[in-house]
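These figures come from a predicted structure and were not determined experimentally. In the text below, chain A, chain B and the rest are named by the order of the sequence lines, each starting its count at 1.
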Amino acid sequence: MHVFQRRYNMSALIKEIKKMEAGPQLVTAEGWVRTKRDSKTVCFIELNDGTCLKGLQVVADKEKFDNNLLSSISTGASIVCEGTLTESLGSDQAVELSASKITLLGEAPESYPLQKKRHTLEYLREIAHLRPRTNTIGAVARVRSTMAYAVHKFFQENGFYYVNTPLITASDAEGAGQMFQVTTFDLDNIPKTEEGKIDYSKDFFGKKTNLTVSGQLEGETYATALRNIYTFGPTFRAENSNTKRHLAEFWMIEPEMSFCTLEGDMEIAQNFLQYIFKYTLEHCEEDMDFFSKFVEPGVKDTIIHVSESPFVHMTYTEAIKELEKSKDKFDYKPFWGCDIQTEHERFLAEEICKSPVIVTDYPKEIKSFYMKLNEDGKTVRAMDVLVPRLGEIIGGSEREAGLDLLQQRMKELGLREEDYWWYLDLRRFGSVPHSGFGLGFERAVQYVTGMQNIRDVIPYPRAVKQADF
RNA sequence: UCCCUUGUAGCUCAGUCGGUAGAGCGGGUGGCUGUUAACCACUAGGUCGGCGGUUCGAGUCCGUCCGGGGGAGCCA
């Protein structure tokens, strides 16, 4: 990126101005006032436009400016400053803007909710429309955007096509949790059949529909046509879960690869995570330093380490053996066949492996119907990527490619074949081994930034009893 | 949904054994100063989350409802 390049009618971004050298040319800076400090003859304004963490110091000689103008420039006000860049006498910045002209665009009276002091993240959630103007949420927003770009960049550069799977779905049986129903019915006057049941034939789609809980099944259809695809879009879960790592509306990334077995799946998952981590470290250095200093001490070093070291591999059976050695530490005693609890996941990643770990070959009973059965008849070709601090960040598998085996599995679980006719067609016509995984985007942002609560890494969190703004 | 915890000034919190409230920051005013979480002084600002109960008296004890946080389950 060229620092001096002008875009459309925009003046230079503050992140670019800060990299310029002192000189006689006029520079214009626009932004919001973070804080103002007065001295006898000069006034210091820290101006931030959100393009970087630390703002530009604007220095206004009090003799040159109307006192009313300077006094109305308070924290939160929006201003335009024109002047020349000079070498700063202060030690916290290389250059500063010596203002020759300041225009107040919008004042911010004392009722402005953001003070020039630390606020709790809980309070900031109540003013979600203003919180991106804070250091922390601004940094999260920049990192989130950078990570989203890295996601596309990784897949686009590695032979994947971006597929948009539907958000509204008629398949009610994906089994991945409670769904939000979509209807245009007047809920006070719902059409009923003669038997008194809801008459969905009169609803908008002529059948019962919900918001998607996963684009995977539709993703598989495009993977078995374009070879490698990925989805990256919103996902909805109506579960009544109240935790710091669940949302009712979140963004999920789901790659799906044809002619790919579980081994390839694991390799891509690791390379993918490491790529977006490295890309973010490279492009968000200032923000990562901030997170590492104030949000989660050492998170930057952790991400550097994780982006360079191979992940540990372990089968479910091996993982249970390891957990049984320390069973006294757990509320839920581990045994072969049990679900791996959050406490187990974290112990595996944090204590046993001290790094991300990929656990594979889970008992079929605790995994989804579409996962490929191993030859032992008991386990499936599933993999979960567990990371320290968070637990599961990726869940994936090699898909069952055999029609008979898939039909048998669905029968065992009471799934109706007619609901999945098109999914089964993929096994009827040109079936191939294929694999994929799902990554919760917000969880990845949490992991990279060290933010404790998922509601602080998405602009407007939707959760149980929470849909403001 | 369950368990724990919390709700006091604009924000963050203190408030002892039940006797109707304090600090820091922020705001305002004044002072000082090339400042950078600026500093110093003064000042304004409160239905103590709502409702009900116990008591001579409730921020404090009890019940209940609502909101916040943490943990669990479910999962991404």
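Pair assignment for rU47(B) gives none, since no Watson-Crick or G-U wobble pairing has each distance under 3.5 Å. Base pairing of rA72(B) is made with rU1(B), judged by Watson-Crick or G-U wobble geometry with both donor-acceptor distances under 3.5 Å. Using N1 to N3 plus N6-O4 or O6-N4 for Watson-Crick, or N1-O2 and O6-N3 for G-U wobble, each under 3.5 Å, rU20(B) pairs with nothing.
Contact check for P113(A) versus Y123(A): side-chain heavy atoms found under the 4.5 Å cut-off.
Comparing rG59(B) with rC66(B), their P atoms sit 24 Å apart, to the nearest whole Å. For the C1' atom pair drawn from rU8(B) and rU60(B), the interatomic distance equals 11 Å after rounding to whole Å. Separation of the P atoms belonging to rG18(B) and rC3(B) is 28 Å when rounded to the nearest angstrom. The P atoms of rG49(B) and rA58(B) are separated by 15 Å, rounded to the nearest whole Å. Look at the C1' atom in both rC13(B) and rG71(B): the space between them is 24 Å, to the nearest Å. The gap from the C1' atom of rA37(B) to that of rU12(B) amounts to 14 Å, rounded to the nearest Å. Across rG24(B) and rU33(B), the matching C1' atoms stand 23 Å from one another, rounded to whole Å. Rounded to the nearest Å, the gap between the P atom of rU64(B) and that of rC2(B) is 13 Å.
Checking rC74(B), rA38(B), rG70(B) against every side-chain atom of Q341(A), the shortest atom distance belongs to rC74(B).
In this structure, Q178(A) atom CD and rG73(B) atom P are separated by 18 Å, rounded to whole Å. Here rC75(B) presents its P atom at 12 Å from CZ of F250(A), a figure rounded to the nearest Å. Rounded to whole angstrom, the span from the CG atom of L114(A) across to the P atom of rA37(B) amounts to 18 Å. Taking atom CD of residue E345(A) and atom P of nucleotide rA72(B), one finds them 10 Å apart after rounding to whole Å. If you take CG of L124(A) and P of rG26(B), they are 17 Å apart, rounded to a whole angstrom.
Nucleic acid contact for Y332(A): sugar-phosphate only, since backbone atoms but no base atoms lie under 4.0 Å from a heavy atom of the residue. Contact annotation for I253(A): no contact, since no heavy-atom pair falls under 4.0 Å across all strands.
Aromatic ring orientation, Y316(A) versus W336(A): perpendicular (interplanar angle above 60°, classes split at 30° and 60°).
Atom NZ of K333(A) is surrounded by more than 12 heavy atoms from other residues, nucleotides or ligands within 6.0 Å. Annotation for E263(A): atom CD counts as buried by contact number, over 12 foreign heavy atoms lying within 6.0 Å. For NZ of K378(A), the number of neighbouring non-hydrogen atoms (other residues, nucleotides, ligands) closer than 6.0 Å is 12 at most.
A salt bridge is absent between E324(A) and K327(A): the closest approach of a Lys/Arg side-chain nitrogen to an acidic carboxylate oxygen does not fall below 4.0 angstrom. Checked for salt-bridge contact, E322(A) and K325(A) meet the test: a charged N lies under 4.0 Å from a carboxylate O.
In this structure, the ring of Y230(A) has its center no less than 6.0 angstrom from the ring center of F154(A). Aromatic rings of F232(A) and Y162(A) (six-membered ring for Trp) have centroids beyond the 6.0 Å cut-off, not under it.
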Can you give one letter per nucleotide of nucleotides 3-13 of chain B, going 5' to 3': B for a protein heavy atom under 4.0 Å from the base, S for sugar-phosphate only, - for none?
-> -------BBS-
The contact string for nucleotides 27-35 of chain B, one letter per nucleotide 5' to 3', using protein heavy atoms under 4.0 Å with B, S and - for base, sugar-phosphate only and none, comes out as S-----BBB
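Checked against H434(A) for a side-chain hydrogen bond (donor to acceptor under 3.5 Å, both in side chains), the options K372(A), R399(A), E220(A) give a single hit: E220(A).
Contact annotation: T243(A) does not reach the phosphate of rA72(B) (side-chain N/O to OP1 or OP2, under 4.0 Å). Contact annotation: N242(A) does not reach the phosphate of rA72(B) (side-chain N/O to OP1 or OP2, under 4.0 Å).
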